[in-house]
2 protein chains.
Amino acid sequence: MTQPQRRRIPEAAVNRLPVYLQILNNLHATSVLRFSSDELAVLAGVNAAKVRKDLSYLGSYGTRGVGYEVTYLIHQIKRELGLLREWNVVVVGAGNLGCALAKFGGFAPRGFPVVGIVDNDPKKIGQSTGWLTIGDVRNLGKIVRDLNVTIGAITTSTATAQSAVDALIDAGVASILNFAPIVLATPSSVSVRNVDLGVELQILSYYEQMRTEKIEGAKTAKAPSSVSV
Amino acid sequence: MTQPQRRRIPEAAVNRLPVYLQILNNLHATSVLRFSSDELAVLAGVNAAKVRKDLSYLGSYGTRGVGYEVTYLIHQIKRELGLLREWNVVVVGAGNLGCALAKFGGFAPRGFPVVGIVDNDPKKIGQSTGWLTIGDVRNLGKIVRDLNVTIGAITTSTATAQSAVDALIDAGVASILNFAPIVLATPSSVSVRNVDLGVELQILSYYEQMRTEKIEGAKTAKAPSSVSV
DNA sequence: TGTTGTGAACGCTTTCACAGCT
DNA sequence: AGCTGTGAAAGCGTTCACAACA
C-alpha cells in the first residue's frame, strides 16, 4: 500500500510513451521547463485528452492550472518503461545488418548496450566487428548467462531465424527484436517486436494506391458518387 | 457498379495483410495449393475468425467446406495492397543507413526499386553508392518528377529530417518511410511509417520489466496479493 | 461434413465534457 | 482563469457462434 500499486498500462498507451519521451527529451534540450497536455498533443500529433489519459497511467504528476514538469515527467516515463537501468542486447546473425547494429554506437547511450554477437558460420566466428568478436551461436546460452543478456536481436537469414529464436528462448531470453521477414513461433510469455521494411513499404503502397485511385476516379468518372470519407 | 465497389479496409486489417502475404508466399514456395483460415491463423499467430474477416474485406474468394487457393489469394492481396505495379523510392540522406538501403538489393524484386539517393553535403554529392550516384537534395523536385517517385525514405540526421520531409512533400511525395527518431509534422493527406529501433527497444524494456518485477515479487513478497492478470 | 462469411456481442481505445484543484 | 484527471459515451476491433453452402 505504500507503493502507488502498479497498474498494468494499456498496450496502446505503452506504445506511445516512447514517443512522448522522445519529444520531452527534445524539450529538455531546448531548456523548456513545463508543458501542457495541449502542447505535447500537438507535438506528438495526437489528441490532448489522449495525452492526459496516457500520462495519468503513470500517476497524477501534473499540476492543475499549470501543466507538467519536463524533467519530472521524463523521469516518470523512464521509470515506467524500465529505462532507469541497462538492458544488455545480443545480436544473432553477423551479416550486414547484424554487424551494423554491433558497430552502431546509438544504443548503448540509450541504455541498450550490444554486448555480444554470434553466428553459425565458422568463417565469421572469431572475426571482430566494432568492439566485439563474433561468437559461436552454440555458445549462446553461456553468453546470455555470463553477460546478463535480456534482449536478443535476430538478424539472420529467414531460413535460420526460427532456430535462432529457439536458441535464444532456450537461453532464457524473453524479449526479441526480429528483423527477419517471418512470423516467429514463440510462447506467449515472450515479447517480440518485428521490424520488417517490406511490410512497411507494402502498407504505404496501399494508402498510396487509395490516393491514386481517388484522383484517377475524380478525373475519369462521370459521377464520382459519394466516396465515403 | 460493375466494379465490386472498393470498400475501405480497416487500418488494423491492412496492417496484417502483408503478414498473410508473406506466409502465403512461403506456402506457395512449398507447393501448397490450398489453405483454411485455421491453418493461416496458426501460422500468423492470430485468431481464425480474424483471418476470415480480414480476407473477407478482399471479397468472397474462399470456398465453403474447402478453403482458399494460395495463388489466387496471393493475387488478391497484392491487388488490394497495390503491389501489382512498382513504386519508386528515393532515399534522402546518404549516411550509413541511406547507402545501405541504396545498395540493398532486396527492395526492387519486391516492387520498390530505389531509383535515387540525395544528400545536402557537397562532399557526398557526386559520389556513387551501389548503382546510384548521390544527388543534390535541392534537385529533389526534379528527381521525383523525372523518375516518377512515390515513396521517400528519410535517413538523415534528426536535425535535418523535418526539412527533408518538407522538401519531399513539396516535390509531391505523399508516402514517407521515416528512420529519424522524431515525430514529423505532415499534412494528414501524407502517409508516414516510422521505423525507430529506440522505440522498439523501449517497448520491449517495459514488458521485460513487468516480467522481472513479477518474478522478483513472487520471490520477495510475503503475500504476492492478486497481481491482477 | 467441413469451412466460409458475417451478424451480434464483447472488450478495448479514443474522445468528450466537466468536476476538481491550483 | 486555466489545466489536469477522469467518469461516461462513442467508436473500433476482435471474437463468438452459426447460417449458408460446396
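Quick caveat: nothing in here was measured; it's all calculated off a predicted structure. Here is how names work: the chains are called A, B, and so on, in the same order as the sequence lines, proteins then strands, and each is numbered from 1.
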What is the distance from NZ of Lys50(B) to P of dG13(D), rounded to the nearest Å? 11 Å
Does the side chain of Asn148(B) come under 3.5 Å of the side chain of Asn88(B) through a donor N or O and an acceptor N or O? no
Using atom OH of Tyr61(B) as one end and atom P of dT6(C) as the other, report the distance to the nearest whole Å. 12 Å
Are Thr150(B) and Glu208(A) close enough that a side-chain donor and a side-chain acceptor fall under 3.5 Å? no
Write down the distance between CD (Glu69(A)) and P (dT22(C)), rounded to a whole number of angstrom. 15 Å
Between Arg34(A) and Thr63(A), a side-chain donor and acceptor under 3.5 Å: no
May I ask you to check whether Tyr61(A) and Tyr68(A) place their ring centres under 6.0 Å from each other? no
Let me know the distance between CG of Leu73(A) and C1' of dG5(D), rounded to the nearest Å. 13 Å
Do Ser163(B) and Thr160(B) get their side chains close enough for a donor-acceptor pair, meaning under 3.5 Å? no
Among pairs that include at least one residue of residues 54-76 of chain B, which meet salt bridge (Lys or Arg N to Asp or Glu O under 4.0 Å), considering only residues two or more places apart or in two chains? Arg16(B)-Asp54(B)
Any side-chain N or O of Tyr68(B) less than 4.0 Å from the OP1 or OP2 oxygen of dG5(C)? yes
Partner set under salt bridge (charged side-chain N to carboxylate O under 4.0 Å, His left out) for Glu200(B), not counting sequence neighbours: Arg193(A)
Test side chain to side chain contact (heavy atoms under 4.5 Å, CB included) applied to Ser205(A) - qualifying residues, sequence neighbours left out: Leu83(B), Trp87(B), Phe112(B)
Contact residues, residues 32-39 of chain B to DNA chain C [heavy atom, < 4.0 Å]: Ser36(B), Ser37(B)
Output the rounded distance in Å from CZ (Arg8(A)) to P (dT13(C)). 13 Å
Without decimals, in angstroms, what is the distance between Ile9(A) CD1 and dT14(C) P? 13 Å
Atom-pair distance (CG on Asp54(A); P on dT6(D)), nearest Å: 13 Å
Rounded to the nearest angstrom, tell me the gap between atom CG in Leu55(B) and atom C1' in dT15(D). 16 Å
Does the protein touch nucleotides 16-22 of chain D at the base, only the backbone, or not at all? Give it as B, S and - per nucleotide, heavy atoms under 4.0 Å. BB-BBBB
Which residues pass the side chain to side chain contact (heavy atoms under 4.5 Å, CB included) test with Pro187(A), sequence neighbours left out? Ile169(A), Ser189(A), Val190(A)
